[in-house]
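The basis for the numbers below is simple: all heavy atoms, side chains too, and nothing from hydrogens, waters or symmetry mates. Below, chain A is the first sequence line, B the second, and so on; all start at residue 1.
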Amino acid sequence: MLQIYNTLTRQKEIFKPIHPGKISMYVCGITVYDYCHIGHARTSIAFDVIARFLRSQGWDLNFVHNITDIDDKIIRRANELGEKFDALTKRFIDAMHEDERALGILPPSIEPRATEFIGPIIEIVETLIQKGHAYAAKNGDVYYRVTSFDGYGNLSNKNIDELLAGARIEVDEIKEDARDFVLWKAAKPGEPSWPSPWGEGRPGWHIECSAMAKKCCGDQLDIHGGGADLQFPHHENEIAQSEAANGHSYVNYWMHVAPLRVDGEKMSKSLGNFFTIRDVLEKYHPEVVRFFLITSHYRSPINYSEDSLVEARAGLERFYAALREYVAVPAAELSAISGSQYYAAFVDAMNDDFNTRVALATMYDLVRELNSCEAGSEKATQLASELKALGSILGIFRFDPTEFLQSGAGDQISADEVNALVAERIQAKKDKNYARADEIRKQLTANKIVIEDAKDGTTQWRRE
RNA sequence: GGCGCGAUAGCAAAGCGGUUAUGCUCUGGAUUGCAAAUCCAGCUAGUCCGGUUCGACUCCGGAUCGCGCCUCCA
């Protein structure tokens with residue numbers, strides 16, 4: 001039985017779909033004005049794992065992951081670089097897709113872009129004005145009248161009265177109320193714009209998600225997710241827009257992924273302490289990065305550091321070392337392992353608010369039994385195929401084990417050189433020339449190569 | 001100031017009102033020409049102070065410390 005922690009009620013709830021067997025899940029993607037950082041990767045991987053798991057359990061999932069491709073920051077960045085805004089966003093969307101592929105993130109069912117939904121955005125704004133929830137200001141902007149919506153603040157647990165006169169709210173004579181937020185922004189000369197009943201302009205930040213969610217999922221969603229920092233104001237404002245316009249509730253389960261930290265502080269663009277995904281992939285194997293990001297629960301903060309990546313690699317090596325003997329074994333069909341204690345424990349863990357850490361623990365239990373079995377035995381083969389099946393639900397084990405184990409950032413010595421030395425050492429061992437064999441191993445160790453001799457006289461190696 | 005989250009062993013990180021989490025590291029053993037890998041065994045836990053309970057790492061209250069949000073953020 002699937003349980004999900006709902007930000008709205010601040011507790012775990014038994015999941016009940018709107019339509020039996022179906023799930024609509026809308027996840028806020030990024031605003032594309034720069035390369036993605038690994039905080040983005042954390043959120044994307046969390047929902048990629050969730051989507052893979054839900055599908056594996058037979059849910060008919062409509063997974064929508066949007067792109068916000070028009071926004072003040074995009075315009076500013078394009079101006080700085082002397083580039084057209086849509087050329088800029090295309091560049092970073094392409095880069096994002098590249099990063100996602102590298103990390104094994106599957107494409108969502110739909111990847112809508114804000115600029116493709118200008119019509120629906122205008123429709124919602126018009127409805128909000130008709131219903132008295134929004135007003136056109138004299139400068140051509142349209143604002144949401146926050147005090148007109150009763151539930152405002154419920155998601156982020158804020159008292160609407162206490163939002164007044166906050167330090168970061170700008171005094172603005174255009175708005176009726178300082179708390180009102182913009183739905184439609186009048187264009188300044190030279191800015192990208194679309195025609196609207198209020199003149200040339202562009203959507204405000206939050207309205208695009210209300211529009212895309214409605215068009216891609218319908219008026220009501222099962223799950224809406226995103227980074228924890230989107231809870232307020234972004235998701236709060238989405239609720240206000242969608243519920244006021246549609247006249248009924250918007251989302252049943254709100255899910256928020258905790259921030260990724262660097263040195264104990266949140267990594268974010270505003271703090272400038274961020275690493276892009278490409279920075280990180282230059283130093284670490286993509287699957288190590290992915291594995292690191294699923295070793296803690298999605299609602300727990302996770303600290304990014306050299307040490308944690310090194311540790312993640314060591315943990316992942318244990319799996320790959322076990323799978324090395326079973327390259328030819330295909331991943332089991334889930335129906336074939338339905339009776340397995342490991343699969344049952346894995347599913348229990350994932351059904352409990354997607355507890356990847358506990359799911360991994362069951363996989364380690366499985367590996368221990370696999371390693372205890374006689375290599376190549378029927379039981380071992382079966383366990384290996386089961387392990388691969390569980391791994392694919394988490395999106396890991398995408399690489400050839402030997403290739404993974406022999407990969408490394410600082411390749412001081414080529415694979416060919418290693419293979420030559422290994423061959424020489426095997427001969428030396430046959431000749432009982434252990435002095436030479438040990439000398440070769442010492443040389444390899446100095447190059448961060450670890451030698452593993454098998455019983456049958458063969459030798460495998462991996463990079464440290 | 002308001003709202004919320006957290007504190008677990010050398011490190012990382014989970015569940016659980018009583019019974020081995022798990023991974024990495026470390027120690028001993030098996031195995032190995034010696035190693036590595038693997039297996040077996042073991043070592044270090046629950047910030048502090050109260051309360052509830054037969055029993056608390058787990059529930060409640062308080063303190064301390066850390067973190068997030070409070071109109072750029074995933």
Side-chain angles (χ1 to χ4, degrees), chain A residues 7 10 27-31 33 36-44 46-47 71-73 76 146 153 156-159 161-163 166-170 178-182 205-206 225-234 236-237 256-261 264-271 274 292 295-297 299-303 305 307-308 310-319 321-322 324 345 348-349 352 355-365 367-373 375 405 429 432 434-435 437-438 441-442 445 449-455 459-462:
Chain A
T7 308
R10 281 168 277 278
V27 175
C28 287
I30 64 162
T31 301
Y33 66 99
C36 294
H37 58 62
I38 80 157
H40 295 121
R42 184 186 193 189
T43 302
S44 297
F47 284 105
D71 156 88
D72 288 356
K73 290 188 293 295
R76 194 189 321 134
V146 166
S156 52
N157 202 21
K158 298 201 184 307
N159 184 328
D161 297 325
E162 286 164 359
L163 287 172
R168 291 170 67 185
I169 296 179
E170 289 168 39
R179 294 165 296 193
D180 292 349
F181 59 90
V182 69
W205 175 30
H206 319 289
D229 45 5
L230 295 183
Q231 212 172 306
F232 187 89
H234 185 58
E236 197 71 72
N237 290 354
H256 291 97
V257 179
L260 185 123
R261 295 178 181 170
E265 276 196 315
K266 183 179 139 181
M267 155 151 57
S268 71
K269 288 185 180 172
S270 60
L271 291 172
F274 69 94
F292 162 65
T295 52
S296 71
H297 185 79
R299 279 188 291 114
S300 298
I302 185 170
N303 205 51
S305 71
D307 286 352
S308 50
V310 168
E311 195 183 301
R313 172 162 178 120
L316 190 52
E317 276 180 352
R318 183 168 161 79
F319 287 124
R324 199 158 38 176
D348 280 351
D352 183 11
N355 195 329
T356 49
R357 183 67 185 205
V358 173
L360 285 170
T362 71
M363 291 169 67
Y364 281 115
D365 289 339
V367 162
R368 194 179 315 113
E369 188 182 347
L370 170 57
N371 286 332
S372 304
C373 290
L405 291 164
K429 276 176 63 185
K432 301 242 189 289
Y434 295 121
D438 290 350
R441 184 168 61 203
K442 209 171 160 187
T445 305
I449 303 296
V450 180
I451 289 295
E452 295 170 20
D453 292 339
K455 277 187 206 139
T459 293
Q460 293 186 302
W461 62 271
R462 60 188 166 86

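Taking the side-chain contact (heavy atoms from CB on, under 4.5 Å) definition, one finds that A:Ala314 meets it with nothing, sequence neighbours left out. Applying the ring-ring contact (aromatic ring centres under 6.0 Å, His included) rule to A:His297 yields no partners; only residues at least two apart in sequence or on another chain are considered. With sequence neighbours left out, the side chain to side chain donor-acceptor pair (under 3.5 Å) criterion links A:Asp180 to A:Tyr135. In this structure A:Val358 satisfies the side-chain contact (heavy atoms from CB on, under 4.5 Å) test together with A:Ala349, A:Asn355, sequence neighbours excluded. Every ring-ring contact (aromatic ring centres under 6.0 Å, His included) that A:His37 has, sequence neighbours left out, goes to A:His40, A:Phe274.
Contact annotation: the side chain of A:Arg324 approaches that of A:Gln460 to within less than 4.5 Å [non-hydrogen atoms, C-beta and beyond].
For the pair A:Lys455 and B:U38, the criterion of a side-chain N or O lying under 4.0 Å from OP1 or OP2 is not met. Within the structure, a side-chain polar atom (N or O) of A:Asn157 is placed less than 4.0 Å from OP1 or OP2 of B:G4.
Separation of the P atoms belonging to B:U22 and B:G42 is 11 Å when rounded to the nearest angstrom. Nucleotides B:U58 and B:G15, compared at atom C1', are 10 Å apart to the nearest Å. Rounded to whole Å, the P atom of B:C24 lies 39 Å from the corresponding atom of B:U64. Comparing the P positions of B:U25 and B:A36 gives an interatomic distance of 11 Å, to the nearest angstrom. Nucleotides B:C57 and B:C48 have their P atoms positioned 11 Å apart, rounded to a whole Å. As rounded to the nearest Å, B:U27 and B:C60 have P atoms that lie 41 Å from one another. Here the separation of B:G46 from B:C11, taken at their C1' atoms, is 16 Å to the nearest Å. Of the C1' atoms belonging to B:A7 and B:G62, the separation is 16 Å, rounded to the nearest Å.
Ranking B:A35, B:G68, B:C39 by closeness to the A:Glu265 side chain, first place goes to B:G68. Comparing B:C69, B:A37, B:A74 against the side chain of A:Phe232 picks out B:C69 as the nearest. With B:G68, B:C39, B:U71 as the choices, the nucleotide that has an atom nearest any side-chain atom of A:Asn371 turns out to be B:C39. If you check B:A36, B:A35, B:C72 against the side chain of A:Asp453, the one that comes closest is B:A35.
Note: NZ (A:Lys432) to P (B:U32) measures 13 Å, nearest angstrom. Between A:Arg42 atom CZ and B:G68 atom C1' there is a gap of 13 Å when expressed in whole angstrom units. One atom, CG of A:Asp438, and another, P of B:A36, lie 12 Å apart when rounded to the nearest Å.
No cation-pi contact links A:Lys429 to A:Tyr434, judged by a cut-off of 6.0 Å to the six-membered ring centre and 45° from its axis.
Each of A:Thr43 and A:Gln231 lies near RNA chain B, and the nucleotide nearest A:Gln231 is the one positioned closer to the 5' end.
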_Letter per nucleotide, 5' to 3', of nucleotides 14-29 of chain B [B base touched, S only sugar-phosphate touched, - untouched; heavy atoms, 4.0 Å]_ = SS-----BBBS-----
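In this model, no donor atom of one side chain and acceptor atom of the other lie less than 3.5 Å apart for A:Gln231 and A:Ser156.
In this structure, A:Met363 reaches neither bases nor backbone, as no heavy-atom distance under 4.0 Å exists between it and the strands shown. Among the heavy atoms of the strands lying under 4.0 Å from A:Ile451 is at least one base atom, whether or not backbone atoms are also near.
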